[in-house]
Amino acid sequence: MDWAEIIVFIVYLLFMLGIGVYFFIKNKTGGEKGYFLGGRKMGPWVTALSAGASDMSAWVLMGLPTAIYASGLGQIWIPVGLILGYALSWIIEAPRLRRFSIVCNDSITVPQYLKNRFLEKSNALQIICAIVFLVAYTIYSASSLVACGKLFNTALHIDTTVAMIIAAVIIVGYTFLGGFSAVCWTDFFQGLLILGGLMMAPIFAATLVDFSQIDAVTANTPNFWNPFTNWTDIASGLAWGLGYFGMPHIIIRFMSLRSQKDMKKSAVIGITWTLLVLCCSVAVGILGLLYLGFDKETNEGSLVFINTVRGIFPSVIAGILLSAVLAASMSTADSQLLSASSSFASDLYKPVFRKNKASDKEMQWAGRIVVLVIAVIALIIALNPNSGSIMDLVEKAWGLFGASMGPTILLSLFWRRFNFKGAIAGISVGAIVDICWIIFFSSTGLYELLPGFIAGMIAAVIVTLITKKPSKEVEELFDKAVKYTD
């Protein structure tokens with residue numbers, strides 16, 4: 001074992017846990033809104049980097065570089081789709097979602113916003129959303145724990161099971177204690193670390209590569225430099241961008257921003273960060289191949305970034321840069337756990353089980369218990385060797401969220417005629433088509449998010465048009481939200 005790397009990891013993990021303790025003490029009087037939404041007091045830098053870090057899981061340091069390393073630029077359409085989708089979500093969706101969530105009875109979760117948007121007494125929409133959240137976030141969190149296990153096992157030769165348990169304890173610790181504020185601030189620091197690690201690795205690798213050997217190194221992948229491999233890769237890659245419109249743990253950041261005037265600054269920061277991270281991730285894959293040469297174990301273990309960093313830098317620096325993998329895993333897992341717990345507490349526990357009689361303190365503890373339960377289930381999935389790779393788990397969770405929530409959220413923000421029944425249809429059909437595509441049509445090679453998103457959008461529009469239009473009060477609420485300023 002390299003003790004310098006171990007010490008760096010321990011210091012980093014203790015720092016993350018310390019942030020959770022700080023906000024636990026600070027938020028004792030913050031109530032439900034403080035725990036689940038940070039009291040809508042997040043600044044533009046924290047909001048932007050937190051949104052980016054919660055989005056970019058260990059996939060951006062392990063999965064994407066390895067996909068480029070093994071297959072070439074034919075895999076570049078996923079980062080292209082993500083950049084386009086993320087930019088559009090900040091420019092088109094974010095300003096309206098923040099305004100609408102405030103006007104719609106100061107909603108603190110996405111399902112709560114949708115219910116309040118239509119002035120509905122029925123809890124049907126919240127229940128459907130909560131079920132989707134719990135399923136998708138459990139799978140998503142499992143991918144982050146798998147990544148942590150691989151990192152510790154490969155870099156420090158710690159048993160994978162032990163590593164996953166340690167990671168789960170740390171992540172649950174600061175999420176359990178500090179809530180949304182702790183998650184956002186840890187994500188802020190982790191976002192800086194992810195960007196730093198991804199920028200340094202390819203820059204230093206480029207100084208050590210013999211570029212005259214490019215043709216020899218890429219000889220085993222004849223189409224390495226060709227991005228136009230086939231239409232399904234292009235369509236599926238671009239479809240990843242659709243996921244942003246319905247990704248609760250990302251768009252909840254839009255709702256937490258302290259003022260509308262901070263929106264533009266936060267958007268510029270967030271889009272720039274994501275663009276740099278994805279470009280550097282692609283560069284790691286290309287330069288990693290030129291620096292390391294093709295290696296079967298590196299490919300199968302998604303170890304391009306890890307092996308490149310360990311080959312170039314001394315132990316202490318390598319430990320700091322490899323902490324970026326921890327940062328990517330943890331910053332995504334904590335956001336997922338908090339979003340799932342807030343959805344359960346605010347959208348199921350309070351309105352359904354407690355009939356809106358739960359106190360703020362009770363709500364916080366209900367959310368904390370759900371964090372523990374989901375983390376345990378995610379750990380069980382991660383420990384199962386048949387659960388799939390990091391990329392497989394992320395792909396399924398991302399697709400389910402994008403297909404079910406994306407069309408409905410967009411229509412709720414931009415279509416005055418949109419109604420409650422249309423929203424239920426959009427979420428339900430999008431989720432069902434997404435799941436059925438995985439089961440019956442995965443052999444087509446087309447990412448299930450695309451047909452699921454299209455089906456959800458069509459179902460929402462058709463059901464809205466064939467059912468009664470919203471009441472005058474709902475239409476007035478829409479108009480008020482559009483004009484809202486602060």
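- Each of Val373, Val376, Ile377 was checked for a side-chain contact (heavy atoms from CB on, under 4.5 Å) with Thr138, and the lone residue meeting it is Ile377.
- Ile271 contributes atom CD1, which lies 7.5 Å from atom OG of Ser89 (distance to the nearest 0.5 angstrom).
- Listed for the Thr109 side chain is a donor-acceptor partner under 3.5 Å among the backbone atoms of Gln112.
- Leu73 has its side chain within reach of Ile286: a pair of non-hydrogen atoms, C-beta onward, lies under 4.5 Å apart.
- Side-chain atoms of Ile320 and Leu193, non-hydrogen and from C-beta on, do get closer than 4.5 Å to each other.
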Do any side-chain atoms of residues 75-84 form donor-acceptor pairs under 3.5 angstrom with protein atoms, and if so which ones, sequence neighbours left out?
unit_1: Trp77; atom_1: NE1; unit_2: Pro227; atom_2: O; d: 2.7

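- Note: Leu114 CG to Ile128 CD1 = 11.0 Å, rounded to the nearest 0.5 Å.
- Using modelled atom types, no side-chain atom of Tyr69 and backbone atom of Thr298 make a donor-acceptor pair closer than 3.5 Å.
- Relative ring orientation between Tyr137 and Phe401 is described as tilted, the plane-to-plane angle lying within the 30° to 60° band.
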- prompt: So Ser404 and Asp434, side-chain contact (heavy atoms from CB on, under 4.5 Å) or not? Walk me through it.
  reply: CA-CA 8 Å; Ser404 61; Asp434 180 87; over 6 Å; no
- request: Show your working on side-chain contact (heavy atoms from CB on, under 4.5 Å) between Glu297 and Leu303 and close with a plain yes or no.
  value: CA-CA 8 Å; Glu297 290 185 6; Leu303 303 176; 5.9 Å; no
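- A donor-acceptor pair under 3.5 Å is absent between the side-chain atoms of Asn123 and the main chain of Gln126, judged by distance alone.
- Side-chain contact check for Met255 versus Leu97: some heavy-atom pair is nearer than 4.5 Å.
- In this structure, Leu88 and Phe245 have side chains that are in contact, with non-hydrogen atoms separated by less than 4.5 Å.
- In this structure the side chain of Ile131 reaches within 4.5 angstrom of the side chain of Ile127, judged on heavy atoms.
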task: Please step through side-chain contact (heavy atoms from CB on, under 4.5 Å) for the pair Leu290 and Leu287, ending with a clear verdict.
output: CA-CA 5 Å; Leu290 300 179; Leu287 291 166; 4.2 Å; yes
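- Counting heavy-atom neighbours within 6.0 Å of Phe313 CZ, excluding the residue itself, gives a total above 12.
- Looking only at side-chain heavy atoms (C-beta outward), Tyr86 and Ile250 come within less than 4.5 Å of each other.
- Between the Ser281 side chain and the Val277 main chain, no donor and acceptor come within less than 3.5 Å of each other.
- For the pair Val284 and Ile68, the minimum side-chain heavy-atom distance is 4.5 Å or more.
- Taking the side chain as every heavy atom from C-beta outward, Cys129 and Ile427 approach each other to under 4.5 Å.
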task: Would you sort out whether Phe254 and Glu93 count as a side-chain contact (heavy atoms from CB on, under 4.5 Å), showing the intermediate values?
output: CA-CA 9 Å; Phe254 304 157; Glu93 183 180 41; 4.0 Å; yes
Under 3.5 Å donor-acceptor pairs involving side-chain atoms of residues 441-453, not counting sequence neighbours:
unit_1: Ser442; atom_1: OG; unit_2: Ile438; atom_2: O; d: 3.4
unit_1: Thr444; atom_1: OG1; unit_2: Phe441; atom_2: O; d: 2.8
unit_1: Thr444; atom_1: OG1; unit_2: Leu446; atom_2: N; d: 3.3
unit_1: Tyr447; atom_1: OH; unit_2: Glu395; atom_2: O; d: 2.6
unit_1: Tyr447; atom_1: OH; unit_2: Gly399; atom_2: N; d: 3.1

